[in-house]
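Step one of this worksheet: look at the structure below.
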Amino acid sequence: PSKPSTLADLKGVVDTAMSPDPQFPINAPDLVRQSSGPLAATSRLDDLLGRCPAMQAVKAAASRLLDAEYTSRHEQRPVVLITGEPGTGKEMLARALHEDGPFGTQPFATLDCMSVTAEIVDSLRPDAAPRCRIAGTASDGAEPVVPASGTVFLDEIGELDASLQSRLLRALDSVPASRLVRAGARTRRRIIAAASVDLDALARAGRFRGDLLSRLKVVPLQLPPLRERGEDIPMLANHFLRVHGARYGKPGLALSAAAQRRLAKLEWPGNVRQLRDCMERAVALTHDLLIGDDALEPALATGVPGPAE
């Protein structure tokens with residue numbers, strides 16, 4: 001079908017897509033947000049710890065997206081692009097969107113964009129049969145790499161081979177506004193992509209398609225690096241201290257005020273993941289309930305840069 005050439009044509013396509021269709025009945029429970037939102041008792045978004053304004057803004061935007069999805073009358077959900085440095089929690093945010101969203105009971109499939117094949121990319125089309133199977137499993141009864149329903153998480157989308165970028169764009173653009181899905185291959189799937197690199201810079205350098213980037217950025221969410229979350233670092237450090245203390249049978253551990261101040265001044269190039277690992281080393285090596293500044297030395301002896309200027 002030809003693309004709409006005017007704003008009026010585009011509005012007609014959108015109105016058609018958003019109108020009720022007996023071929024695609026709306027499941028009433030899908031309209032009730034069960035696990036997120038202001039009235040929810042718990043939400044996976046709450047697992048993204050952080051009081052700093054940047055983290056609060058990310059969680060607020062994610063919550064608004066989920067609220068909109070529960071009132072959407074269309075099968076397909078908007079593409080989400082999560083960006084942030086390595087270790088900032090991109091997959092954790094993606095899983096929160098999945099589990100708090102309408103497809104939370106469906107599979108969550110992670111695809112490493114450095115190793116995906118053309119067949120896997122093509123299977124993202126809404127009318128594609130789930131032919132791609134998990135490597136190393138028998139064909140009978142094996143789960144498809146790309147499930148017909150649920151969430152597909154495209155990890156490190158910036159590493160996608162140039163030859164596959166056009167195929168992914170076609171797959172994303174093939175979502176039919178008229179909802180003409182081949183019989184037996186109906187999908188209820190959402191796409192979340194994540195990148196640790198600057199995709200805009202890659203696009204300017206000609207290494208990433210600008211039109212694909214635009215298509216991925218329907219809903220952009222950017223996670224801040226830990227060095228910009230100074231007020232969150234003591235809270236996160238104490239959280240990981242409790243988690244690892246329980247794992248190692250050392251309950252009641254605490255960080256001294258001096259230790260917390262020191263942690264808050266470090267650069268943390270590995271972000272939250274690096275802080276988590278540092279706290280595990282501190283728990284494993286300590287003999288005291290109160291971990292002071294000096295006691296952090298063995299845990300920080302793995303090359304954490306000093307205070308940022």
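Computed from heavy atoms alone, side chains included, the values below leave out hydrogens, waters and symmetry copies. It should be emphasised that the depicted structure is a prediction, and the values quoted were computed from it without experimental measurement.
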Atom [atom1] of [X] and atom [atom2] of [Y]: how far apart are they, to the nearest 0.5 Å?
X	Y	atom1	atom2	value
L285	L296	CG	CG	11.0 Å
C278	L266	SG	CG	8.0 Å
K59	L48	NZ	CG	6.5 Å
L263	L300	CG	CG	6.5 Å

Item to check | side-chain hydrogen bond (donor to acceptor under 3.5 Å, both in side chains) partners for R262, two or more places apart | outcome: D293, E297
Using distance only, find each side-chain donor-acceptor pair of residues 103-114 under 3.5 Å and give its atom names and separation, not counting sequence neighbours.
{"unit_1": "D112", "atom_1": "OD1", "unit_2": "M114", "atom_2": "N", "d": "3.1"}

Between [Y] and [X], is the closest basic N to carboxylate O distance under 4.0 Å?
X	Y	result
R95	E91	yes
R227	E267	no
D47	R44	yes
E69	R64	no

Next on the checklist: Can you see whether D288 engages T286 through a side-chain donor-acceptor pair at a distance of less than 3.5 angstrom?
Outcome noted: no
Checklist entry - Hey, are T88 and N271 close enough side-chain-wise for a donor-acceptor pair under 3.5 Å? => result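 There is no such pair (donor and acceptor under 3.5 Å, judged by atom type) between the side chains of N271 and T88.
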Next on the checklist: Taking V283's backbone N and O only, do any of them form a donor-acceptor pair with K250's side chain (distance below 3.5 Å, no angle check)?
Outcome noted: yes
Item to check | Main-chain N/O of P224 paired with E85 side-chain donor or acceptor, under 3.5 Å | outcome: no
Next on the checklist: Any non-hydrogen side-chain atom of L168 less than 4.5 Å from a side-chain atom of I157?
Outcome noted: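 Answer yes - side chains close enough.
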Checklist entry - Any idea which heavy atoms bring G158 and F208 closest together, and the distance? => result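 That closest heavy-atom pairing would be CA-CE1, 4.2 Å.
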